[in-house]
There are 2 protein chains.
Amino acid sequence: MNISQAAKLSGLSVKTVRYYADIKMVEPARNIQSGYRSYSNDDVAKLNFIGKARRFNFSIEECRELLSLYQDKNRSSKEVKKLTLAKIASIDEKLKEFHSLRDELSHLVNCCNGDDRPSCPILDELSK
Amino acid sequence: MNISQAAKLSGLSVKTVRYYADIKMVEPARNIQSGYRSYSNDDVAKLNFIGKARRFNFSIEECRELLSLYQDKNRSSKEVKKLTLAKIASIDEKLKEFHSLRDELSHLVNCCNGDDRPSCPILDELSK
DNA sequence: TCTTTACATTCCAGTAACTGGAGACTTTAT
DNA sequence: ATAAAGTCTCCAGTTACTGGAATGTAAAGA
């Protein structure tokens with residue numbers, strides 16, 4: 001199938017699918033006449049896999065790792081679990097950051113009367 | 001003072017401080033002989049301000065806005081509050097995303113025995 | 001004073017993961 | 001036959017820096 005079909009089936013944009021071909025993550029066959037990329041169902045499955053992994057916040061490099069594990073029928077689940085646990089830990093980090101950020105900002109907003117006078121605790125805090 | 005001093009006082013890297021000069025956010029005076037950037041206490045205050053705002057996840061463009069409000073003695077607190085509320089909303093968005101991401105991943109990890117056998121619910125889920 | 005060392009400058013390239021657009025070619029539909 | 005839609009490659013831009021090379025200046029020690 002052509003790239004737009006593959007894109008539609010995998011829920012990715014054509015640009016993104018082409019990008020994944022460029023970086024050799026999913027390299028489709030080529031139609032010899034037209035030079036068009038020709039995607040198999042297998043290629044689409046990989047695109048799907050990558051799309052999901054990206055939505056799970058795995059980086060492209062991590063996706064590459066996962067993909068090779070995915071394609072290796074003899075792989076163990078240990079490595080995948082390790083990778084995923086590390087990912088969870090980094091998400092926890094981010095969560096902590098964002099929570100404290102949110103708390104600080106909402107505290108500041110609550111102190112700010114938000115009228116037309118120049119007094120503003122948010123800016124005051126920022127400039128301390 | 002020289003750039004490294006300003007960097008130290010503001011808690012930013014020299015590269016970053018130079019970058020902020022390049023993009024005309026904090027433009028220090030110049031020593032005519034040497035061509036070295038010469039930072040005033042006021043410049044350092046601005047750097048501090050920007051550093052904090054960046055840590056609060058404001059973008060460079062938003063920092064520019066805040067900085068101009070900060071430097072405008074006649075500004076109202078309304079605009080700042082508006083900007084900050086919008087920022088909180090976007091943080092809430094991110095928090096929601098990360099929470100559900102975390103939940104999904106930890107669910108998968110709990111299902112995965114993590115041994116040397118190829119069976120792995122994480123990859124199974126990814127490939128669905 | 002000379003020299004070494006530390007600090008400064010500019011400019012170019014690279015990061016992550018795409019996205020947008022130009023110009024050219026192919027396929028499909030009318 | 002022609003027009004519209006799809007595809008190709010290649011280049012540039014995004015965000016907010018970071019790293020490095022080549023070069024110039026300043027400060028400290030012998």
Side-chain angles (χ1 to χ4, degrees), chain A residues 1-40 43-44 46-67 87 90-91 94 97 101, chain B residues 1-40 43-44 46-67 87 90-91 94 97 101:
Chain A
M1 69 190 83
N2 278 348
I3 194 167
S4 60
Q5 181 76 10
K8 185 177 279 173
L9 287 178
S10 61
L12 302 171
S13 77
V14 169
K15 276 281 188 186
T16 299
V17 173
R18 202 175 278 127
Y19 173 70
Y20 288 161
D22 288 348
I23 64 173
K24 292 160 198 316
M25 201 139 78
V26 178
E27 292 184 277
R30 292 283 186 150
N31 180 318
I32 298 181
Q33 265 97 278
S34 63
Y36 284 15
R37 291 176 180 84
S38 174
Y39 287 83
S40 67
D43 291 331
V44 171
K46 282 189 214 169
L47 288 173
N48 255 310
F49 182 95
I50 296 163
K52 280 225 183 112
R54 291 284 304 126
R55 258 167 272 135
F56 276 112
N57 243 53
F58 287 98
S59 73
I60 288 288
E61 278 320 301
E62 287 168 326
C63 286
R64 247 189 248 277
E65 277 185 76
L66 286 170
L67 197 59
K87 182 54 55 181
S90 87
I91 289 173
K94 279 248 175 289
E97 268 178 56
L101 196 55
Chain B
M1 68 191 83
N2 278 348
I3 194 166
S4 60
Q5 180 77 10
K8 184 176 279 174
L9 287 178
S10 60
L12 302 172
S13 77
V14 169
K15 277 281 189 187
T16 300
V17 173
R18 204 175 276 127
Y19 173 71
Y20 289 162
D22 287 349
I23 64 172
K24 294 163 197 315
M25 200 140 78
V26 178
E27 292 185 277
R30 293 281 185 151
N31 180 317
I32 298 179
Q33 265 98 279
S34 63
Y36 284 14
R37 291 176 180 83
S38 174
Y39 287 83
S40 67
D43 290 331
V44 172
K46 283 189 214 170
L47 287 173
N48 257 311
F49 182 94
I50 295 164
K52 281 227 179 113
R54 291 285 303 127
R55 258 168 272 134
F56 276 110
N57 242 52
F58 288 98
S59 73
I60 290 287
E61 278 319 301
E62 287 169 326
C63 285
R64 245 189 249 278
E65 278 184 76
L66 285 170
L67 197 61
K87 184 53 58 182
S90 86
I91 290 173
K94 280 247 174 289
E97 268 178 56
L101 197 53

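Every chain is numbered from 1 and lettered A, B, ... according to where its sequence line falls, protein lines coming before strand lines. Computed from a predicted structure; not experimentally measured.
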Which atom pairs, one a donor and one an acceptor, fall under 3.5 Å between side chains of residues 18-29 of chain A and the rest of the protein, sequence neighbours left out?
none

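Whole-Å rounding puts the A:Arg37 CZ to C:dC25 P distance at 17 Å. One can place CE of B:Met1 at 16 Å from P of C:dC7, the figure rounded to the nearest angstrom.
Considering only heavy atoms from C-beta on, A:Asn2 stays 4.5 Å or farther from A:Arg37 through its side chain.
Nearest-nucleotide positions on DNA chain C place B:Tyr36 closer to the 5' end than the other of A:Lys15 and B:Tyr36.
Under the 3.5 Å distance criterion, the side-chain polar atoms of A:Thr16 are left unmatched by any main-chain donor or acceptor of A:Leu12. A distance-only check finds no donor-acceptor pair linking the side chain of B:Glu65 to the backbone of B:Glu62 [under 3.5 Å]. A donor-acceptor contact shorter than 3.5 Å links the side chain of A:Arg30 to the backbone of A:Gly35.
Here the shortest heavy-atom pairing between A:Val17 and A:Tyr39 reads CG1-OH, 3.1 Å. The heavy-atom pair separating B:Ala53 from B:Leu66 by the smallest distance is CB-CD1, 4.3 Å. Between A:Ser38 and A:Asp43 the shortest heavy-atom distance is O-OD2, 4.0 Å.
With a cutoff of under 4.0 Å to any heavy atom of chain B, the contacted region of DNA chain D is bounded 5' to 3' by D:dA16 to D:dA26.
Residues from residues 18-34 of chain B that place a heavy atom under 4.0 Å from any atom of DNA chain C, listed by number: B:Arg18, B:Arg30. Only at 4.0 angstrom or more do the heavy atoms of residues 2-12 of chain B sit from any atom of DNA chain D, so none qualifies.
The A:Arg54 side chain lies nearest to C:dA17 when the options are C:dA17, C:dT19, C:dA8.
Judged as a salt bridge (Lys or Arg N to Asp or Glu O under 4.0 Å), and not counting sequence neighbours, A:Arg55 has no contacts. Residues satisfying the side-chain contact (heavy atoms from CB on, under 4.5 Å) criterion with B:Gln33, sequence neighbours excluded, are B:Asn31.
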